Undergrad: 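Pasting a structure below so you can have a look.
Since this is a predicted model, take the numbers as computed values, not measurements.
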Amino acid sequence: AAVRLARAHDLLIAIRGGGHNVAGNAVCEDGMMIDLSPMRSVRVDPKARTARAGGGATWADFDAETQAFGLATTGGLISSTGVAGLTLGGGIGWLMGSYGLACDNLLSLDLVTAEGELITASAREHPELFWGLKGGGGNFGIVTSFEFRLHPVGPLFAGVLLHPLVRARQALIHFRDFLSRAPDELGTLAGLSTSPAGEPVAVLGLVYNGPLEEGARVVQPLRDFGPPILDTIGPMPYCAVQTMLDAGSPPGRRNYWKSSFLERLPDAAIATLLERFAAARSPWCKLLIECLGGAVARVERADAAFDHRHLPFNLLVEAAWGDPTADRDNIAWVRATWEAMQPHAAEGVYMNYLEAEGGPDRLRAAYGPEKYQRLAALKARYDPENRFRMNQNVRPARSA
């Protein structure tokens with residue numbers, strides 16, 4: 001009904017799922033925001049190991065229900081992230097080495113089209129649309145329900161290691177070298193941030209998805225190095241794992257991000273990260289390296305709109321600050337840092353981290369030319385008037 005009303009009055013449509021996206025596309029001026037946040041139900045079928053989540057659910061909602069049965073699927077790194085936005089853009093999370101991205105675990109989606117019709121997309125129904133929704137974002141309709149495959153996930157051996165900035169270079173090099181022998185079951189993240197005590201630090205996030213004793217053995221070489229100034233690693237319920245980075249990204253701050261995939265993480269790239277982190281304009285700025293691989297890389301690239309799954313690292317340059325008068329300085333720091341890392345960047349970018357003003361070239365880089373053309377053709381079929389354009393917008397093929 002909302003879509004039909006917007007069509008009748010030629011209103012711009014914005015779709016709010018979890019409301020977490022930094023580009024701000026969930027709201028619009030002089031248009032209609034369709035807010036899905038009341039649609040937060042999560043229904044679990046423990047026998048079939050599936051779950052169905054509403055379009056406004058967050059990963060905190062999802063994990064609470066699925067963990068009641070000892071089940072989970074790959075979700076985000078911050079519990080307030082929306083299931084919809086993360087999954088439609090791909091879906092990086094701690095469990096991806098074991099089970100692939102969030103979108104790789106989709107079984108079906110219910111969505112409202114630009115004509116105001118309700119359809120279901122799956123491998124059997126509208127299979128081309130199903131392919132496009134696995135990474136193509138909110139371009140093709142408003143997803144009201146997601147059906148996921150679930151996996152048994154119990155308490156995990158997980159936590160964070162912090163190293164002082166004076167030892168950050170050695171810690172990051174040691175971490176990079178360790179990854180060459182790390183198993184798929186180990187989800188990892190590394191970066192530079194500010195500790196709760198206000199000190200600049202190197203951060204290593206570790207989550208082992210398997211027997212606790214084996215997890216302790218696997219991560220011991222990282223715990224032995226240094227030693228770290230903080231070691232929180234130990235047995236942890238999965239829902240606690242999903243919130244362990246929340247405190248570093250509270251709501252209400254101003255944000256600006258840029259991102260690139262990386263083919264490698266050489267010593268020179270680590271040196272550049274350290275140099276740029278020293279120039280950060282806010283203590284809330286972060287440089288993060290998300291580590292892919294495992295099951296993510298084993299999915300055929302042609303199976304989903306999400307691309308570049310063969311690349312091992314994703315760099316996120318993230319500025320956060322409070323004072324609006326500091327906008328220019330913080331945005332300039334992100335852009336300069338991103339530029340400084342381009343000699344080490346691979347072609348491509350993670351669609352969920354695209355900045356608001358990324359433009360068509362950056363969006364094409366998220367998919368590559370062949371997939372972008374396929375998405376543009378799909379857009380022309382399901383939204384030829386580009387009604388759903390408050391997103392990382394793929395234009396219909398006729399105007400692409």
Side-chain angles (χ1 to χ4, degrees), residues 42 44 46 48-51 53 58-79 81 83 86-87 90-107 146 148-161 175-176 178-191 203-223 231-246 288-299 304 306 309-314:
V42 179
V44 180
R49 290 183 179 173
T50 63
T58 67
W59 286 104
D61 300 326
F62 188 92
D63 296 334
E65 294 299 323
T66 58
Q67 275 291 282
F69 302 95
L71 301 168
T73 201
T74 304
L77 300 176
I78 304 293
S79 68
T81 304
V83 169
L86 182 100
T87 304
I92 286 173
W94 292 117
L95 301 179
M96 61 186 169
S98 298
Y99 307 129
L101 303 167
C103 72
D104 297 332
N105 290 279
L106 278 173
L107 297 173
F146 295 78
F148 289 95
R149 180 187 303 109
L150 301 178
H151 311 272
V153 175
L156 307 177
F157 202 74
V160 171
L161 301 174
F175 170 77
R176 178 204 62 200
F178 166 85
L179 289 179
S180 65
R181 58 187 184 275
D184 293 350
E185 291 82 4
L186 185 65
T188 57
L189 174 148
V203 182
L204 304 180
L206 308 170
V207 175
Y208 185 80
N209 178 35
L212 298 177
E213 299 80 5
E214 180 64 10
R217 185 193 68 79
V218 166
V219 305
Q220 194 60 44
L222 290 174
R223 303 180 81 186
D231 179 345
T232 69
I233 297 177
M236 190 180 299
Y238 179 68
C239 286
V241 169
Q242 288 291 83
T243 63
M244 67 181 185
L245 301 183
D246 283 11
L288 300 178
I289 302 290
E290 296 169 324
C291 306
L292 283 73
V296 176
R298 288 194 293 272
V299 175
F306 180 90
R309 59 174 68 243
H310 61 294
L311 295 170
F313 302 112
N314 186 57

Undergrad: Which pair of heavy atoms, one from Leu77 and one from Asp246, lies closest together, and at what distance?
TA: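 The answer is O-OD1, 4.4 Å.
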Undergrad: According to the interplanar angle, ranging from 0 to 90°, do the rings of Trp59 and Phe62 count as parallel (below 30°), tilted (30 to 60°) or perpendicular (above 60°)?
TA: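 Perpendicular: the ring planes of Trp59 and Phe62 meet at over 60°.
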Undergrad: Please report the shortest heavy-atom distance between Tyr238 and Gly154, naming the atom on each side.
TA: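 Residues Tyr238 and Gly154, closest heavy atoms: CB-O, 4.3 Å.
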Undergrad: Donor-acceptor pair, Thr232 side chain versus Gly159 backbone, under 3.5 Å?
TA: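 No, because the side chain of Thr232 does not come within donor-acceptor range (under 3.5 Å) of the backbone of Gly159.
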Undergrad: Has Glu185 got a side-chain atom pairing as donor or acceptor with Gly97's backbone, closer than 3.5 angstrom?
TA: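 Pair absent, no side-chain N/O of Glu185 close to backbone of Gly97.
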Undergrad: Is the side chain of Arg309 donor-acceptor paired with the backbone N or O of Leu101 at a distance under 3.5 Å, no angle test?
TA: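 Side chain of Arg309 to backbone of Leu101, a donor-acceptor pair under 3.5 Å: no, none is there.
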Undergrad: Using every non-hydrogen atom in the two residues, find where Ala295 and Gly100 come nearest and quote the distance to one decimal.
TA: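 Here Ala295 and Gly100 meet closest at CB-N, 3.4 Å.
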Undergrad: Quick one, Asn209 with His151, criterion side-chain hydrogen bond (donor to acceptor under 3.5 Å, both in side chains). Give me CA distance, side-chain angles, the key distance, then yes/no.
TA: CA-CA 11 Å; Asn209 178 35; His151 311 272; over 6 Å; no
Undergrad: Closest heavy-atom contact between Val83 and Ala53?
TA: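 Looking at all heavy atoms of both residues, the closest pair is CG1-CB, 4.4 Å.
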Undergrad: Okay, side chain of Thr87, backbone of Ala102: is any donor-acceptor separation there less than 3.5 Å?
TA: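 Between the backbone of Ala102 and the side chain of Thr87 there is no qualifying donor-acceptor contact (under 3.5 Å).
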Undergrad: Drop me the distance from Ile289's CD1 to Leu189's CG, to the nearest 0.5 angstrom.
TA: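 The CD1 atom of Ile289 sits 8.5 Å away from the CG atom of Leu189.
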Undergrad: So how far is it from Met236 CE to Leu156 CG, rounded to the nearest 0.5 Å?
TA: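 Between atom CE of Met236 and atom CG of Leu156 there are 9.0 Å.
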Undergrad: Can you name the nearest heavy-atom pair linking Ala72 to Leu95, along with the distance?
TA: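 The pair with the smallest heavy-atom distance is CB-CD1, 4.2 Å.
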Undergrad: Hey, does the side chain of Thr73 reach the backbone of Arg149 with a donor-acceptor pair shorter than 3.5 angstrom?
TA: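 Yes; at least one donor-acceptor contact below 3.5 Å.
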Undergrad: Look at atom CZ of Arg223 and say whether more than 12 heavy atoms of other residues, nucleotides or ligands are closer to it than 6.0 Å.
TA: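 Yes, enclosed.
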Undergrad: Less than 4.5 Å apart, side chain to side chain, heavy atoms only: is that true for Ser79 and Asp63?
TA: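 With C-beta onward as the side chain, the pair stays apart.
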Undergrad: Report yes if some heavy atom in the side chain of Leu204 is under 4.5 Å from a heavy atom in the side chain of Phe178; otherwise report no.
TA: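 A side-chain contact under 4.5 Å is absent here.
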Undergrad: Any side-chain to backbone donor/acceptor pair from Gln67 onto Val153? Under 3.5 Å, distance only.
TA: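 Between the backbone of Val153 and the side chain of Gln67 there is a qualifying donor-acceptor contact (under 3.5 Å).
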Undergrad: Let me confirm one number: the CZ-CG distance from Phe175 to Leu222, rounded to the nearest 0.5 Å.
TA: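 Going from CZ on Phe175 over to CG on Leu222, the span is 7.0 Å.
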Undergrad: Nearest 0.5 angstrom please: Thr58 OG1 to Gln242 CD, how far?
TA: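 Going from the OG1 atom of Thr58 to the CD atom of Gln242 covers 10.5 Å.
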Undergrad: I'd like to know if the side chain of Asn105 reaches the main chain of Thr74, judged simply by a donor and an acceptor atom lying under 3.5 Å from each other, with no hydrogens or angles considered.
TA: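 Answer holds: no.
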Undergrad: How long is the span from the OH atom in Tyr208 to the CZ atom in Arg217, to the nearest 0.5 Å?
TA: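 One gets 7.5 Å once the value is rounded to the nearest 0.5 Å.
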Undergrad: Quick one, Leu106 and Phe146 - any side-chain contact, counting heavy atoms below 4.5 Å?
TA: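 Answer yes - side chains close enough.
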Undergrad: Can you name the nearest heavy-atom pair linking Cys291 to Thr188, along with the distance?
TA: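 Minimum heavy-atom contact is CB-OG1, 3.2 Å.
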Undergrad: Could you go through Leu311 and Leu292, starting from their C-alpha distance and side-chain angles, then the distance that decides it, and tell me whether this counts as side-chain contact (heavy atoms from CB on, under 4.5 Å)?
TA: CA-CA 7 Å; Leu311 295 170; Leu292 283 73; over 6 Å; no
